[in-house]
Amino acid sequence: MQRIGVFVCHCGTNIAATVDVKKVVEMALHEPGVVHAEDYQYMCSEAGQEKIRAAIQEKNLSGIVVCSCSPRMHETTFRGAAERAGLNPYMVEIANIREHCSWIHKDMEEATEKAVILMRAAVAKVNLNTPLKPGESRVTKRALVIGGGIAGIQTALDIADAGYPVDIVEKTPSIGGRMSQLDKTFPTLDCSACILTPKMVEANAHPNINIYTYSEVEKVSGFVGDFTVDIRKKARSVDMSKCTGCGVCQEKCPSKKTPSEFNRGLNNRSAIYTPFAQAIPNVPVIDREACIKFKTGKCGICSKVCQAGAIDYEQEDEIITEKYGAIVVATGFDMIKLDAYDEYAYSQSKDVITSLELERIMNAAGPTGGHLERLSDGKAPKEIVFIQCVGSRCADNRGKSYCSKICCMYTAKHAMLIRDKYPDVNVTVFYIDVRTPGKNFDEFYRRAVEEYGVNYIKGQVGKVIPKPDGKLLVQGADLLDNKQILKEADMVVLAAAIEPNPDVRKIATMLTASIDTNNFLTEAHAKLRPVESPTAGVFLSGVCQGPKDIPETVSQAGAAAVKAIGLLAKDKLLTNPCTAHSDELLCNGCSQCANVCPYGAITYEEKEVNDHGIREVRRIAVVNDALCQGCGACTVTCPSGAMDLQGFSNRQILAEVDAICR
Amino acid sequence: MSIEAKEEFRPKIVAFCCNWCSYAGADLAGSSRLSYSADIKIIRVPCSCRVNPMFILRAFERGADGVIICGCHPGDCHYTSGNYYARRRMTLLFSMLDYIGVESGRTRVEWVSAAEGVKFSQTMHEFVEKIQSLGKNVRLEDLRCRK
Amino acid sequence: MQEIVNRAKELLADGTVKRVLGWKAGDLPYNPEPAYFEKEEDFEDFVYNGFCGANLSKYMIEASKLEGKTLVFLKPCDTYSFQQLLKEHRVDRDKAYIIGVGCKGKLDIEKIRGLGIKGIESIEGAEIEDEAETLKIQTFYGEKTCAYKDAMLERCHVCKGKDHMIYDEQIGESKETKDADRFAEVEKIEAMSPEEKFAFFQKELSKCIRCNACRNVCPACSCRKCVFDSNKFDSSQKANVDSFEEKMFHIIRAFHVAGRCTDCGECSRVCPQGIPLHLFNRKFIKDINELYGEYQAGADLEERGPLTSYQFDDAEPGIVAERR
Amino acid sequence: MYKIARENLTALFQKIAADQELYLPVRTADQVNFGVWTEDADVDLDTLKSVKSPKDVFFPQSETLYTCIRDGKKLKVEPEALKEQDFVVFGMKACDLKGVEVLDRVFLSDPVDSFYAARRDHGTIVSMACHEPEETCFCKVFGVDAADPQADVATWMIGDDLYWKPETEKGQKLTENLADLLEKAEDAGSEAAVGEEQEKIRTIIEKLPYSNLSLEGWNGDVLMEKFESPVWEKLYKPCLACGTCTFVCPTCQCYDIKDYDTGHGVQRYRCWDSCMYSDFTMMAHGNNRTSQKERFRQRFMHKLVYFPANNDGMYSCVGCGRCVEKCPAALNIVKVVKAFQEEEV
């Protein structure tokens with residue numbers, strides 16, 4: 001039997017206010033095997049850890065139970081404390097009496113009773129714990145960044161600057177992402193392209209950075225330090241090594257009826273195209289669905305006009321398999337589809353546009369050459385209405401429950417820019433709240449109102465009705481004046497909610513990274529580990545984790561890079577010792593465990609065993625510790641119970657069940 | 001019997017929660033102070049696929065009145081496929097329990113992500129209510145384990 | 001039968017096989033036992049008749065450890081078991097020479113006894129050559145008759161078919177015996193109220209003496225050491241009468257063979273207390289078929305078992321409550 | 001001698017059960033086993049053999065020996081009370097009675113098994129002659145007379161009457177208690193009826209295929225010769241290593257002692273064990289009988305060689321034939337004996 005010590009944490013009043021910690025200590029001393037129990041204000045503190053160390057050494061403890069906060073919070077802390085006292089760190093079990101007890105129960109007696117039971121379960125488990133030793137695995141010193149927007153570019157640059165090779169995989173023909181579509185940026189109003197393009201160029205030129213555009217991640221296997229990734233390089237139909245980027249092919253291409261993705265479909269592009277002038281790489285791709293040559297076999301003009309002979313209709317998709325130590329997800333966002341918001345007449349009127357479309361209209365390289373005009377008739381608008389929170393902060397299932405965070409600021413920016421350039425245009429903004437936390441943000445908003453005379457109305461718009469004369473009738477409410485508003489507008493701009501790039505779900509599944517109900521990737525800890533996914537070796541950069549503006553995205557990109565660098569800087573990683581093991585005397589060699597192992601960690605070998613005097617050669621399952629991640633799928637598949645999971649063994653879990661049901 | 005019946009029924013409920021999603025979901029419920037019944041006791045397992053039918057039967061044998069298994073949403077398993085196996089196993093096991101006459105509400109599987117503290121708390125609420133309505137587990141209990 | 005014997009002798013003589021695994025006549029008209037035949041004279045006692053219900057595939061686990069090939073006679077349903085064992089690497093295909101033998105339905109002495117026939121001296125009509133519809137039974141208390149069908153094992157009424165799934169050669173003809181719906185009994189129970197279901201299984205399982213015959217005869221229960229015999233789960237193999245452990249044993253046993261059980265029916269055949277154990281396995285088979293698509297364990301070597309595979313859109317466990 | 005009409009047996013059972021437990025063959029889910037009589041029990045006196053022998057009336061398949069109750073770090077030990085109430089077993093056959101004799105040898109000789117002894121003291125056995133012996137019976141081989149079952153009370157079911165003959169003091173006492181239900185049958189006709197029934201039974205027994213099985217050469221003197229015989233190597237092969245033969249046997253007396261952890265203590269119980277099981281008498285180093293051949297041999301050597309060698313020639317097989325009926329692989333003690341005969345010829 002173990003010599004067990006039980007340490008009950010008050011967590012200030014977080015636990016002690018609802019759980020009678022003294023009682024837990026007293027009850028612990030009644031448990032067989034428990035030779036020491038004490039309570040303390042903050043077990044995780046230096047002094048608390050010292051108490052643990054002292055007790056381990058003085059009482060010669062062989063296992064400890066800490067009744068405290070979630071093991072997800074401080075298991076590592078207490079394992080460290082145990083290890084420093086000479087105890088194997090895996091002889092520590094945590095009874096979660098804070099998140100799972102004191103914080104959710106109000107009645108002291110009830111909470112104490114539950115805390116005692118949770119303590120007993122942990123004691124019962126630790127009684128069966130065995131010292132475990134982590135193994136080692138190697139680290140491939142190369143990082144993968146999925147997504148080539150500002151988040152991905154920044155992360156890649158930071159990692160590359162630290163001396164590690166990085167690959168960027170970008171789905172579209174060019175890196176740049178959403179930021180490349182923006183005209184100006186708040187709150188400084190500097191030109192988006194002017195600050196982004198140098199970064200794109202830098203990334204492209206960086207000796208440590210390798211960019212795969214027009215490519216997608218197809219398969220991910222392996223684990224932290226040793227991922228194997230298949231990247232599909234879609235056929236560009238243009239030889240990157242030959243193309244000079246002269247652009248003649250795009251000019252001569254007769255197929256020019258495809259809506260431009262970059263310009264949000266506001267104008268058309270050719271079948272062979274680069275998304276925008278500053279695209280990197282400056283090599284076009286042929287959209288095979290639009291290309292006449294691919295559709296009919298006739299045409300081939302681009303090939304004829306290309307002096308470099310770069311056009312290659314025969315090119316095929318290429319799968320590149322590469323190993324990485326760390327993966328950063330920077331898949332960014334898109335605007336939500338507005339199908340559910342028919343009342344705003346987005347699909348009925350060309351003059352109802354989204355904010356991102358407005359960005360393109362305002363941009364000199366955009367569909368109107370930077371002139372603010374109505375897309376329906378090309379006339380200059382005199383009256384513009386902005387509607388905030390379209391699909392954000394939504395109570396029902398129509399939109400998103402969250403605040404998209406950037407809309408208040410960019411709307412102020414748009415309003416200000418319009419008023420600045422076209423002082424005769426009236427700008428009205430319907431809002432629920434104006435949210436401006438951020439450096440110089442509120443000042444920026446106030447300038448819009450005070451200096452530029454933008455008309456802010458607190459209230460929502462119920463309906464936008466296109467009138468036969470081409471005007472738009474906006475029906476709204478002014479909540480401050482408590483009155484209905486009917487307003488004629490020439491243009492309506494919708495601040496549509498942003499949502500994670502729809503492809504992120506596929507990528508999260510490949511990476512086994514968890515994702516929340518809104519498809520944002522979940523961070524390992526909301527406060528303390530905001531740029532790490534719970535999946536080791538996977539980091540989060542930019543809006544894939546939650547709505548962010550550019551400065552926040554860039555900071556997070558840097559943070560993700562640092563985490564990745566921290567990982568790549570290690571030569572070896574300690575592996576989780578809670579792996580599966582097969583008892584060779586019980587194993588049937590039936591292969592069922594290998595069938596369910598997601599990591600291919602189980603192989604079989606013919607081995608001579610000595611089963612209580614019977615010597616025979618048997619087919620036995622063997623688990624590769626470095627590959628096993630400890631899910632336990634095999635343990636349940638194994639009918640004889642030969643396969644068991646260290647740290648979560650059958651008997652340990654049963655002991656917990658018994659203790660709870662006792 | 002009649003005396004026993006009058007006493008307040010406090011069910012014993014075991015919740016197996018996977019480490020990556022549901023246990024974290026339970027933590028979130030905790031830190032968000034979303035209360036649920038103290039009758040629920042959580043056992044942490046690495047993945048819902050670690051839950052052996054033996055554990056569930058053992059809990060019932062020992063007098064548990066309900067057993068709930070929580071894991072990552074299908075598609076979100078930290079180990080890619082664990083919850084898919086768990087889903088099949090539990091479906092078959094629950095079906096068998098139903099077949100031998102155990103009330104089908106005594107067992108449940110729910111997918112709760114790390115971000116779903118509210119769902120965790122609500123699920124536990126509902127489950128406790130269900131078990132309350134079913135009353136004590138007498139069909140699978142081993143009388144020797146009674147106090 | 002003579003054809004079978006002759007062929008076996010031939011294969012033994014030419015060295016193709018080292019031994020023959022078949023059935024040896026018993027000392028009563030109905031109790032042949034599985035036996036090895038190594039010499040020509042051993043075949044005097046060889047028998048293959050209506051009472052040779054025993055599934056020999058499980059014996060091939062041990063036979064696979066012996067030197068040289070073993071000729072084994074497998075009935076159509078036995079071949080599913082053999083193939084499943086092969087899939088699980090429990091038998092060695094190279095050590096087996098399989099002769100698929102015909103089957104006209106196997107007899108159950110318990111069914112004959114259940115008809116009140118006792119003191120049996122001899123039985124006529126059980127030979128494989130017989131095309132008899134009726135068994136003529138001589139007893140110490142007079143001559144009795146019984147329709148062949150009425151004396152057949154339950155499993156033969158729901159026969160999977162008379163095709164051999166795996167064999168080196170086939171001898172003998174089969175006769176279709178299926179005349180009942182395989183899942184009718186299961187459906188009857190499913191339709192009961194929870195109270196009735198519980199009472200039904202309680203009554204049946206209260207007879208269990210934990211003799212482990214069902215487990216030990218089962219070709220899917222091929223574990224070197226059963227969990228109920230090891231201390232891995234603190235579960236006990238031995239009886240504690242009328243306790244929950246009996247239920248636990250049967251549920252877990254059925255679960256462990258779920259997706260691997262070929263429905264060979266040996267468990268029900270050997271249960272000394274006549275517990276219809278196949279009702280557990282068949283329930284799982286029915287659920288698997290309904291929820292995950294038709295699956296027959298042992299029908300092929302490649303397909304993944306239903307519990308070691310999945311579909312993204314599999315039914316949620318809540319379907320159990322919904323179906324009620 | 002007394003008699004009672006078959007139709008009045010329910011009243012008889014009611015009367016017996018009024019002040020003590022009554023065990024008798026009961027049909028449950030289509031199988032007949034000895035069980036406690038209740039108003040709605042489906043009593044079956046026509047089936048010759050219960051599936052399990054009635055030995056568990058005296059030696060239950062499992063019984064608690066004592067209970068440890070845990071209170072924190074303290075343990076309280078509560079021994080299980082011995083049987084204190086009288087009870088009656090009705091309908092035991094001659095072979096099963098002989099089986100009890102075998103068990104008595106084991107459990108009542110020093111050291112006396114107090115649990116067993118208490119049950120024997122408090123039990124009154126009412127036997128019943130075997131009306132229609134079956135082809136699996138071979139009790140004659142062990143000197144058992146199925147027509148004259150010696151017990152506290154012997155009975156014969158003849159036509160619509162049950163003839164009742166107290167043979168011991170216990171039997172006498174039970175008979176007195178039932179005086180108002182039992183009718184005196186001292187007449188010559190009754191004696192003749194019983195005599196005729198006995199004759200009929202014995203005639204059939206003579207004809208049974210196993211009745212003349214010879215046990216010549218099965219004794220302690222040939223221990224090593226039998227032990228080392230190559231016959232075992234062939235014989236055991238079909239054995240599935242289940243415990244069916246052991247558990248239906250009226251004389252198998254091996255048990256295991258196990259602890260059941262109730263979560264708040266431990267129940268120490270004993271339960272039938274089978275020498276056919278691979279973990280029978282398992283020790284830290286493993287099992288002293290490592291192969292199924294050895295385990296298989298053990299069972300028959302024990303019944304036919306070791307036991308008689310230690311018990312004045314008394315075999316621990318009574319020829320009830322249950323193993324003949326129930327073995328899943330159609331093995332049985334008769335086949336063993338015959339195999340040796342053939343070998344020795």
Side-chain angles (χ1 to χ4, degrees), chain A residues 69-73 94 96 98-107 110-111 113-114 117-118 121 125 505 508-510 512-518 520 522-523 525-526 534-535 578 596 598-599 629-637 641 645 647-648 650 653-654 656-662, chain B residues 12-14 16 18-21 23-24 26-47 49-56 58-64 67 72-73 75-82 85-86 89 113-116 119 121 124 145 147:
Chain A
C69 53
S70 172
R72 295 167 50 82
M73 187 71 86
I94 309 289
N96 184 346
R98 193 178 77 175
E99 282 85 345
H100 293 186
C101 188
S102 70
W103 274 353
I104 46 167
H105 306 312
K106 294 196 175 66
D107 182 79
E110 201 177 74
E113 197 186 322
K114 178 168 173 181
I117 292 174
L118 295 178
K125 187 181 180 195
R505 192 154 256 291
T509 302
M510 282 191 267
T512 74
S514 58
I515 211 166
D516 69 16
T517 39
N518 292 314
F520 287 114
T522 312
E523 56 281 2
H525 189 281
T535 303
C578 296
V596 297
Y599 305 101
Q629 299 296 296
C631 66
C634 54
T635 62
V636 182
T637 296
L645 187 62
F648 293 93
N650 291 326
I653 296 172
L654 287 173
E656 289 179 272
V657 169
D658 289 0
I660 288 171
C661 297
R662 188 157 103 197
Chain B
K12 284 182 198 164
I13 297 173
V14 180
F16 291 99
C18 85
N19 183 50
W20 304 97
C21 288
Y23 194 91
D27 279 358
L28 182 59
S31 50
S32 317
R33 311 299 197 276
L34 299 163
S35 79
Y36 52 89
S37 165
D39 299 335
I40 304 267
K41 312 285 188 303
I42 295 172
I43 294 179
R44 183 163 71 128
V45 287
C47 176
C49 70
R50 178 67 189 93
V51 180
N52 195 308
M54 211 82 145
F55 302 161
I56 296 167
R58 171 77 151 240
F60 284 126
E61 178 195 12
R62 303 268 146 172
V67 178
C72 306
H73 284 270
D76 292 352
C77 176
H78 180 74
Y79 305 101
T80 59
S81 49
Y85 294 120
R89 290 169 185 160
S113 82
E116 292 175 326
K119 183 177 180 189
S121 157
M124 293 304 143
C145 300
K147 248 197 178 128

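All values below were derived from every heavy atom in this structure, side-chain atoms included, with hydrogens, water molecules and symmetry-related copies excluded. Each chain gets a letter, A, B and so on, in the order the sequences are listed, and its residues count up from 1. These figures come from a predicted structure and were not determined experimentally.
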Where Ser35(B) and Ile104(A) come nearest, the two heavy atoms and their spacing:
CB-O, 2.9 Å

Contact origin within Phe55(B) toward chain A - heavy atom pairs under 4.5 Å
both

Segment of Thr522(A) engaging chain B (4.5 angstrom heavy-atom cut-off)
side chain

Scanning both residues in full, the closest heavy-atom pair of Ala59(B) with Cys661(A) reads O-SG, 3.8 Å

Non-hydrogen atoms of chain A under 4.5 Å away: do they reach the side chain of Phe16(B), the backbone, both or neither?
side chain

Do Arg58(B) and Asn650(A) meet the criterion of a side-chain donor-acceptor pair at a distance under 3.5 Å?
no

Under 3.5 Å: donor-acceptor pair, side chain of Lys41(B), backbone of Val657(A)
no

Would you please test Val636(A) and Val51(B) for side-chain contact (heavy atoms from CB on, under 4.5 Å) and show each step?
CA-CA 7 Å; Val636(A) 182; Val51(B) 180; 6.0 Å; no

Would you mind checking which part of Arg89(B) comes under 4.5 Å of any heavy atom in chain A, side chain (CB onward), backbone (N, CA, C, O), both or neither?
side chain

Asp107(A) versus chain B, heavy atoms under 4.5 Å apart: side chain, backbone, both or neither?
neither

Ile94(A) and Arg44(B), any side-chain heavy atoms less than 4.5 Å apart
no

Contacting moiety of Glu116(B), where chain A heavy atoms sit under 4.5 Å:
side chain

Is Val67(B) in contact with chain A via its backbone, its side chain, both, or neither, using a 4.5 Å heavy-atom distance?
neither

